[in-house]
Amino acid sequence: MERRLTKGGILAALLLGFGSAFFGIAAAGTNSAAGHWAYQPIRRPALPKVDGSASANPIDRFVRHGLEVARLKPATPATHEAWLRRVTYDLTGLAPSPLERDRFLSDTHPDARARLVDRLLASPRHGERWARHWMDAVHFAETHGHDQDRIRTNAWPYRDYLVAAFNDDRPYARFVQEQLAADALFPRNPELIPALGLAAAGPWDESSLRCIREDASDRQAARYIDRDDMVTTVMQTFISTTVQCARCHDHKFDPVSQREYYALQAVFAGVERANRIYDRDPEQNRLRQQLRADLRQVRTESGTATEFPRWWTSMVRNETAAWETSRARALMTWRIQVPERLGASAGSRLQAQPDGVIVAEGTRPESEDYELTLPASSEAIRAIRLEALADASLPKGGPGRQENGNFHLSEFELWSDSQRLPLERATADFNQDGWAISAAIDGSDKTAWGIHPREGISHVAIFIPKTPASPTPGTGLRIVLKQRHGGGHLLGRFRLSISTDAAAELVELLPQPLEATLATPAAARSRNQQIELARWVLTHRLESELAALSPPELVFALAADFDPDGGLKPVTEPRPVSVLRRGEFSHPL
C-alpha cells in the first residue's frame with residue numbers, strides 16, 4: 001500500500017502536524033466518522049439542581065446530584081490533619097513530614113488549604129509523582145523486555161523530560177506536540193529531543209530486530225509487531241482508542257478500518273527504536289546534524305553512469321587535490337631507523353641490517369615481546385611506520401614466523417624512559433577479519449593485528465601519538481612490540497621509520513584500490529577512481545569534524561538517523577507496509 005495515510009477524522013486528529021519526525025505524514029479529515037458518538041463535539045451541559053446552596057463549584061453540583069439520585073449523603077468534611085495527608089499523598093506521593101504537619105495545623109489563615117496546595121504543586125516531588133502515572137500509560141521501561149531484556153542505558157532522559165514537564169506545568173497541547181514531533185515542530189529547542197522517547201518506551205524484541213539477518217522472515221514479522229506497539233502506545237495514550245483491534249480485522253466498535261490501521265503503521269515505517277544523538281546546545285546540535293547528513297549523503301550517493309553524485313562539486317575536487325599534494329609531501333618525510341639497542345624476551349635473536357631491516361632468527365618461541373630503542377632525536381616524533389616485510393626465507397614468504405606466514409601484534413607501545421606515551425590512532429594497509437590494527441593499541445593482550453589470508457606479501461601500519469613524542473634529552477624512544485597470542489605468531493622481518501613533519505598525520509594507509517588510484521596519473525584516472533578518492537577524503541574530513549565536537553547526549557527514542565548497533569541499522573527510506581490478512585505477515589493483501 002502507499003506510504004501515506006488514508007482519510008479519516010480520527011487519523012487527522014492524531015497526525016495533523018506530526019512533521020518530519022514521522023516523515024511529514026498527515027491526514028485530511030472527512031465526514032466518514034461524523035455520526036459516531038465518540039467523535040461528537042463536547043457540549044457544556046446544564047448544571048443540575050441540587051438541595052442546598054453549599055456547593056463550591058459546578059463539579060461539586062454534579063457530584064451532589066449523583067449522590068442524591070443514589071439516595072446517599074456526602075461524608076462529613078475531613079479534619080485538617082486527614083485532609084493534609086490526602087492532598088499531600090495525592091500531589092507528591094509522600095506523607096507530610098512532622099514539620100509540615102505542625103506548620104499547616106498552626107496556620108489559621110482562611111486560605112491555608114489553598115496555599116498548601118500551591119506549595120505542593122511547586123514541589124519537585126509533584127512532577128515525580130505524576131510522571132509515574134504517565135510512564136505507566138506509555139508502558140515505559142528501562143529494559144527491552146523479551147528474552148534478552150538488556151538494559152536501556154539511555155532511556156532515563158525521557159523519564160526526566162516527563163518530570164520536568166509536569167513541574168513546569170507544561171500546557172497539554174504543547175506536551176502532546178513535543179512527544180510526537182519535537183524535532184520537527186521545535187527545531188531550535190534540541191533539549192526537547194528526549195520527549196521523542198514516548199513511542200519507543202515499550203518492549204523491543206532485540207533478538208529479532210537486531211540479532212538475526214535483515215532479510216529473515218522472522219525479522220519482517222517482528223517489524224509489524226514492533227510498529228503495532230508504537231501505534232498502540234500513541235493512539236491509546238492520546239486518543240483513548242483501541243485502533244490495534246484493526247490489525248486483524250476492521251474495528252468492531254470504532255470507525256477504524258484495517259487499511260487505516262496499516263496506514264498508521266506506515267507512519268513509523270522509516271524509524272527504529274535506537275539511541276538517538278542530540279546536543280542541548282542549539283548551535284552544536286545544528287552543526288552535528290548537518291555534518292551527519294553530509295556524511296550520510298557522501299557515503300550513500302554514487303551518481304549514475306553519466307552523472308556525478310550531487311556532492312561532487314568544484315570545492316570537493318579542489319579539496320581532494322590539495323589533500324593529495326599534502327600527502328605526497330608527507331610521504332617524503334619518513335626516516336628509516338636503525339635501532340641502537342634491540343632485544344627479545346623469549347630467546348629470539350634480533351639482527352639489525354644497514355638498511356634498517358630487523359630479522360628475527362633462532363628458535364621460534366610461542367610468544368614474545370620485541371624491544372627496540374631508536375636513535376636519540378632532538379625533534380618530536382609525529383608518526384611511526386612499521387613495515388612487516390615478506391621474504392622467501394620465512395614460512396610461506398612471511399612476514400610472520402608462524403607456519404602459514406602470519407603474525408599477531410597484540411600491542412604496539414611507545415615509551416620515553418619509564419613513561420608510556422598514549423597513541424591516538426593506527427591504520428594498516430590490510431586487516432585480518434576480526435584482527436584489525438586498532439587491536440594493537442587497545443591496551444589488551446588478548447586482541448591483536450593480523451594479516452591472514454594475505455600472507456606472502458609485505459604490509460604496513462602507521463601509529464600516531466596522541467601528542468608529538470619527545471624523548472628525554474640524550475635518550476631515544478623505546479618501542480615494544482608485544483606478540484602474546486601464542487602459536488609462534490611472531491614477526492620475522494620488519495622495519496621502523498619515523499616522521500617529525502606536521503603533515504605526517506595525513507599519511508593514513510588507504511585501501512589498496514585507493515593506493516592504486518594514487519599511483520595512477522590524475523589525467524588517466526577513471527571516473528569511478530576520481531569519485532572514490534574524493535569520497536574517502538571528504539568522509540575522513542567530516543568524521544574528523546564530528547570527532548572534534550563535544551560528546552553528544554543520547555536518548556532511547558524513535559530515530560531515522562543513528563549509529564548502527566549490530567544488525568540494527570537506519571534505512572534510507574521508509575519500508576513498504578502492506579495490509580495483512582488476519583494480521584499474518586505471510587498473507588499480505
Side-chain angles (χ1 to χ4, degrees), residues 334 336-353 355-375 381 383-391 394-395 398-402 405-432 435-452 455 458-466 469 471 476-499 509:
W334 291 113
I336 293 174
Q337 301 292 288
V338 178
E340 292 185 340
R341 293 187 298 277
L342 43 82
S345 64
S348 293
R349 297 191 307 274
L350 298 184
Q351 301 290 335
Q353 300 178 354
D355 60 358
V357 174
I358 300 167
V359 180
E361 299 175 332
T363 302
R364 186 199 72 190
E366 284 292 292
S367 60
E368 190 168 40
D369 295 349
Y370 298 162
E371 184 172 317
L372 309 100
T373 302
L374 305 184
I381 296 174
I384 303 168
R385 181 176 65 183
L386 170 65
E387 297 174 85
L389 302 170
D391 189 85
L394 296 169
R401 300 182 71 187
Q402 220 278 338
N406 197 8
F407 65 89
H408 286 160
L409 179 61
S410 303
E411 285 293 300
F412 182 99
E413 297 181 351
L414 181 63
W415 293 79
S416 177
D417 282 346
S418 60
Q419 181 181 5
R420 182 177 176 182
L421 307 180
L423 298 172
E424 182 175 32
R425 65 181 185 275
T427 96
D429 67 327
F430 179 78
N431 292 305
Q432 178 177 333
W435 301 77
I437 187 61
S438 58
I441 60 170
D442 65 359
S444 171
D445 291 346
K446 297 180 180 179
T447 59
W449 173 44
I451 48 89
H452 180 75
E455 295 91 353
S458 298
H459 294 279
V460 184
I462 293 176
F463 302 87
I464 307 294
K466 193 167 186 178
L477 293 172
R478 287 186 298 118
I479 291 176
V480 177
L481 306 179
K482 290 186 174 181
Q483 303 164 102
R484 302 286 181 86
H485 182 244
H489 286 83
L490 310 174
L491 279 165
R493 292 172 67 89
F494 60 98
R495 179 165 53 194
L496 294 167
S497 303
I498 66 167
S499 177
L509 293 165

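Only heavy atoms go into these numbers, but all of them, side chains included; no hydrogens, no water, no symmetry mates.
- Between Gln337 and Pro375, some side-chain heavy-atom pair lies under the 4.5 Å cut-off.
- Here the side chains of Leu423 and Phe412 are in contact, with some heavy-atom distance below 4.5 Å.
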Apply the test ring pair (Phe, Tyr, Trp, His ring centres under 6.0 Å) to residues Trp435 and His489: give CA-CA distance (whole Å), side-chain angles for both, the deciding distance (0.1 Å), then the verdict. CA-CA 13 Å; Trp435 301 77; His489 286 83; 7.7 Å; no
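- Going from atom CZ of Arg401 over to atom CD of Glu361 covers 8.5 Å, rounded to the nearest 0.5 Å.
- For the pair Val460 and Arg385, the minimum side-chain heavy-atom distance is below 4.5 Å.
- Side-chain contact between Ile384 and Leu414: present, with at least one pair of heavy atoms (C-beta onward) separated by less than 4.5 Å.
- Considering only heavy atoms from C-beta on, Leu421 comes within 4.5 Å of Leu477 through its side chain.
- Closest approach of Pro399 and Leu389 over heavy atoms only: CB-O, 3.2 Å.
- The minimum heavy-atom distance between Ile336 and Asp355, with the atom names listed, is CG2-O, 3.5 Å.
- Using modelled atom types, one finds a donor on one side chain and an acceptor on the other under 3.5 Å when comparing Asp429 with His459.
- For residues 483-495, every residue pair satisfying the salt bridge (Lys or Arg N to Asp or Glu O under 4.0 Å) rule, not counting sequence neighbours, is listed here: Asp369-Arg484, Glu387-Arg495, Asp391-Arg493, Asp445-Arg484.
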Give the C-alpha distance, both sets of side-chain angles, the deciding distance and a yes or no for side chain to side chain contact (heavy atoms under 4.5 Å, CB included) between Ile381 and Phe463. CA-CA 11 Å; Ile381 296 174; Phe463 302 87; over 6 Å; no
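- The shortest distance between side-chain heavy atoms of Gln351 and Ile358 does not fall below 4.5 Å.
- Separating the CD atom in Gln483 from the CD atom in Gln402 is a distance of 12.5 Å, to the nearest 0.5 Å.
- Taking CG from Leu496 and CD1 from Ile479, the interatomic distance works out to 4.5 Å, rounded to the nearest 0.5 Å.
- Ring orientation note: the planes of Trp449 and Phe407 are nearly perpendicular, at an angle over 60° on the 30°/60° scale.
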Does the pair Tyr370 and Val480 meet the rule for a side chain to side chain contact (heavy atoms under 4.5 Å, CB included), with working shown? CA-CA 6 Å; Tyr370 298 162; Val480 177; over 6 Å; no
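- Closest heavy-atom contact between Ala428 and Asn431: CB-OD1, 3.8 Å.
- Smallest separation of non-hydrogen atoms from Gly400 and Pro395: O-CD, 3.9 Å.
- A side-chain donor from one of Ser348 and Glu368 sits under 3.5 Å from a side-chain acceptor of the other.
- Counting heavy atoms from C-beta on, the side chains of Thr427 and Ile464 never come closer than 4.5 Å.
- We find the CG-OG distance between Leu481 and Ser410 to be 10.5 Å, quoted to the nearest 0.5 Å.
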Passes side chain to side chain contact (heavy atoms under 4.5 Å, CB included), Ile451 versus Asn406? Steps please. CA-CA 6 Å; Ile451 48 89; Asn406 197 8; 3.4 Å; yes
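- If you take CD1 on Ile437 and CG on Asp442, they are separated by 10.5 Å, rounding to the nearest 0.5 Å.
- Among all heavy-atom pairs drawn from Ala352 and Val338, the shortest one is CB-CG1, 4.4 Å.
- Shortest non-hydrogen contact noted between Leu491 and Ala388 is CD2-CB, 3.8 Å.
- The pair Arg420-Glu411 meets the salt-bridge criterion, since a charged nitrogen lies less than 4.0 angstrom from a carboxylate oxygen.
- To the nearest 0.5 Å, the span separating CG on Leu409 from CG on Leu386 amounts to 6.5 Å.
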For Leu350 and Val359, what are the C-alpha separation, side-chain angles and deciding distance, and is it a side chain to side chain contact (heavy atoms under 4.5 Å, CB included)? CA-CA 6 Å; Leu350 298 184; Val359 180; over 6 Å; no
